[in-house]
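I have placed the structure first, in the form of structure tokens, so that the comments after it can refer back to it.
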Protein chains: 2
Amino acid sequence: MRAVQTDLTGRARLRDAAIEGFAAQGFDESLRTIAARAGVSAGLVRHHFGSKEALRAECDATVLDRYRTLKAESIQRSPAQLFAAFPSAKGSGILLVYILRSVREGGSAGREFIEALVAEALMLTREAVDRGLVVPSRDEEARVRLLVYQAVGALVVRMTMNPTTALDDFQAVTEQFYTDTMLPTLELFTEGLLTDRSYLEQYLQQGGSLHHPTAGPAGQSPPR
Amino acid sequence: MRAVQTDLTGRARLRDAAIEGFAAQGFDESLRTIAARAGVSAGLVRHHFGSKEALRAECDATVLDRYRTLKAESIQRSPAQLFAAFPSAKGSGILLVYILRSVREGGSAGREFIEALVAEALMLTREAVDRGLVVPSRDEEARVRLLVYQAVGALVVRMTMNPTTALDDFQAVTEQFYTDTMLPTLELFTEGLLTDRSYLEQYLQQGGSLHHPTAGPAGQSPPR
DNA sequence: TAGCAGACTACTCGCATGTATAGTCACTGG
DNA sequence: CCAGTGACTATACATGCGAGTAGTCTGCTA
């Protein structure tokens with residue numbers, strides 16, 4: 001199999017052009033536009049991938065793989081990574097936008113990514129709780145899932161709130177987000193929001209029974 | 001002008017069918033399908049609205065208007081409304097899904113809605129701070145914006161995470177979300193997440209530029 | 001009752017898309 | 001030298017879309 005050589009010339013260029021186009025313009029980007037971006041004809045997509053769906057699947061896999069690699073590289077960097085949940089990567093801007101678009105679209109790639117984030121954050125949080133850095137929760141998985149949904153969702157909302165800036169400089173956008181977000185996030189995480197505990201305790205006394213407690217230690221409950 | 005009678009028969013039925021279809025299937029729902037849902041022909045859309053874009057605009061306006069009405073009705077209900085930011089309405093399920101789809105899509109309707117939520121939450125929060133219920137923030141608007149983005153974004157992510165359930169029973173979905181979310185939200189709001197203040201104070205000492213090395217003034221006005 | 005206005009339908013057009021087919025070109029191994 | 005393999009293109013479908021047009025039906029009004 002000479003996939004290496006092949007992967008370096010035509011096929012990979014087409015795939016990367018597709019990733020770029022999907023991230024910049026959305027997944028409705030036409031095959032002709034993608035092919036033009038790669039400098040080839042549209043029919044070549046079919047020749048290499050068979051269908052647009054297959055191309056999309058390969059793009060998803062590539063992006064997820066690259067994200068994992070990037071994440072593995074940038075692990076244990078700054079304490080802020082705990083809140084960020086995303087690698088403060090140099091060239092990961094396109095990856096981030098691609099993933100956010102996937103989540104927004106509701107495809108399996110987006111779901112997969114969210115679940116990976118949840119699992120990862122759950123590990124990190126439990127470790128941080130054991131080390132006494134983070135306040136323990138009565139339902140660790142529910143808290144982590146909420147935090148991940150909120151973090152990713154805030155990025156998605158933010159992306160839709162200023163759709164113009166996303167195209168030019170991916171990295172600048174994400175950095176801008178962190179600078180805008182860091183202060184209130186830190187405030188909320190260290191000082192909370194409410195001054196007294198009455199709401200929480202009231203909920204625990206009367207409404208706690210409505211909540212389903214996660215009994216199993218490693219059991220993964222379905223996404224909510 | 002007999003707009004009333006007209007509005008009750010053809011045009012309104014078409015518009016409501018469009019709202020329903022947009023909420024259930026997304027804004028790519030074709031005019032033919034919408035017309036079929038309303039029990040009329042596709043050409044009638046053009047006759048009444050002129051274009052699909054105009055129909056969409058009218059749907060947006062209608063939904064926003066209905067949301068405002070619903071919100072005004074359900075104001076000052078339970079304390080949980082402070083976190084919810086959405087009316088726990090009886091029949092507002094379609095409205096909610098429609099709005100979430102708008103936000104997800106990035107249209108002007110979604111932006112408008114988010115801005116309305118931010119302004120409203122800003123008022124409520126300032127009032128709550130004055131009454132001593134909520135911890136004050138060093139940048140009230142930034143905190144409120146973050147909270148709104150997170151709240152709406154979490155709903156969007158949740159919607160994309162289980163796309164099947166959204167269609168059948170709108171209200172059940174939103175209620176399920178609240179029950180899943182309430183405990184960790186209350187925990188986070190009353191107990192925070194971090195055990196000590198070192199991260200926050202470190203950030204405050206560095207002049208508020210942990211990620212962005214270029215130390216700029218904290219003033220920010222445009223939606224970020 | 002005549003006629004007119006508007007709601008409504010059936011049909012068509014142009015366009016963009018994904019898919020499929022046939023063919024061209026370059027390189028490579030025997 | 002020369003088949004043959006695979007990357008690649010040009011072109012042609014088939015489909016679904018929004019938009020446009022012409023005409024029919026209905027109900028009100030003078």
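The basis for the numbers below is simple: all heavy atoms, side chains too, and nothing from hydrogens, waters or symmetry mates. This one's a predicted model, so the numbers in the text were calculated from it and none came from an experiment. Just so it is clear: chains get the letters A, B, ... in the order the sequence lines come, proteins before strands, and each one is counted from 1.
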Could you state the atom-to-atom distance from CZ of B/Arg56 to P of D/dC17 in whole Å? 17 Å
Without decimals, in angstroms, what is the distance between A/Phe49 CZ and D/dA7 P? 11 Å
Roughly how far, to the nearest 0.5 Å, is CG of B/Leu188 from CG of A/Leu193? 8.5 Å
Is there a side-chain contact between A/Tyr149 and B/Gln150 (heavy atoms, below 4.5 Å)? no
Pairs under 3.5 angstrom, nitrogen or oxygen only, protein versus nucleotides 24-27 of chain C, please.
none

Cation over ring face, A/Arg11 and A/Phe49, 6.0 Å, 45°: yes
Please report, rounded to the nearest Å, how far the P atom of C/dT17 is from the CD atom of A/Glu53. 18 Å
Distance in angstrom units between A/Leu31 CG and D/dA14 P, rounded: 19 Å
Roughly how far, to the nearest 0.5 Å, is CZ of B/Arg111 from OG of B/Ser102? 11.0 Å
For residues 27-38 of chain A, which residue pairs pass the salt bridge (charged side-chain N to carboxylate O under 4.0 Å, His left out) check, not counting sequence neighbours? A/Glu20-A/Arg37, A/Glu29-A/Arg37
Is the backbone of A/Arg104 close enough, under 3.5 Å, to the side chain of B/Thr160 for a donor and an acceptor to pair up by distance? no
Just to verify, what does A/Arg46 make a side chain to side chain contact (heavy atoms under 4.5 Å, CB included) with, not counting sequence neighbours? none
Would you call B/Glu141-B/Arg145 a salt bridge at under 4.0 Å N-O? yes
A/Phe27 has an atom CZ; how far is it from atom P of C/dG18, in whole Å? 14 Å
Look for any protein N or O under 3.5 Å of an N or O in nucleotides 9-11 of chain C and output each such pair with its distance, or none.
{"unit_1": "C/dT9", "atom_1": "OP1", "unit_2": "B/Ser41", "atom_2": "N", "d": "3.4"}
{"unit_1": "C/dT9", "atom_1": "OP2", "unit_2": "B/Ser41", "atom_2": "N", "d": "2.5"}
{"unit_1": "C/dT9", "atom_1": "OP2", "unit_2": "B/Ser41", "atom_2": "OG", "d": "2.8"}

With a 4.0 Å cutoff (strictly under), does any side-chain N or O of B/Arg46 reach OP1 or OP2 of D/dA19? no
Which of these nucleotides, C/dT19, D/dG18, D/dT21, is closest to any side-chain atom of B/Lys52? D/dG18
For A/Arg143, salt bridge (Lys or Arg N to Asp or Glu O under 4.0 Å) partners two or more places apart: A/Glu140
Starting from the first five and the last five pairs of the helix from C/dT1-D/dA30 to C/dG30-D/dC1, work out the angle between the resulting helix axes, to 10 degrees. 20°
Could you tell me whether A/Arg66 sits above the aromatic face of A/Tyr98, with NZ or CZ closer than 6.0 angstrom to the six-membered ring centre and within 45 degrees of the axis? no
Cation over ring face, B/Arg101 and B/Phe27, 6.0 Å, 45°: no
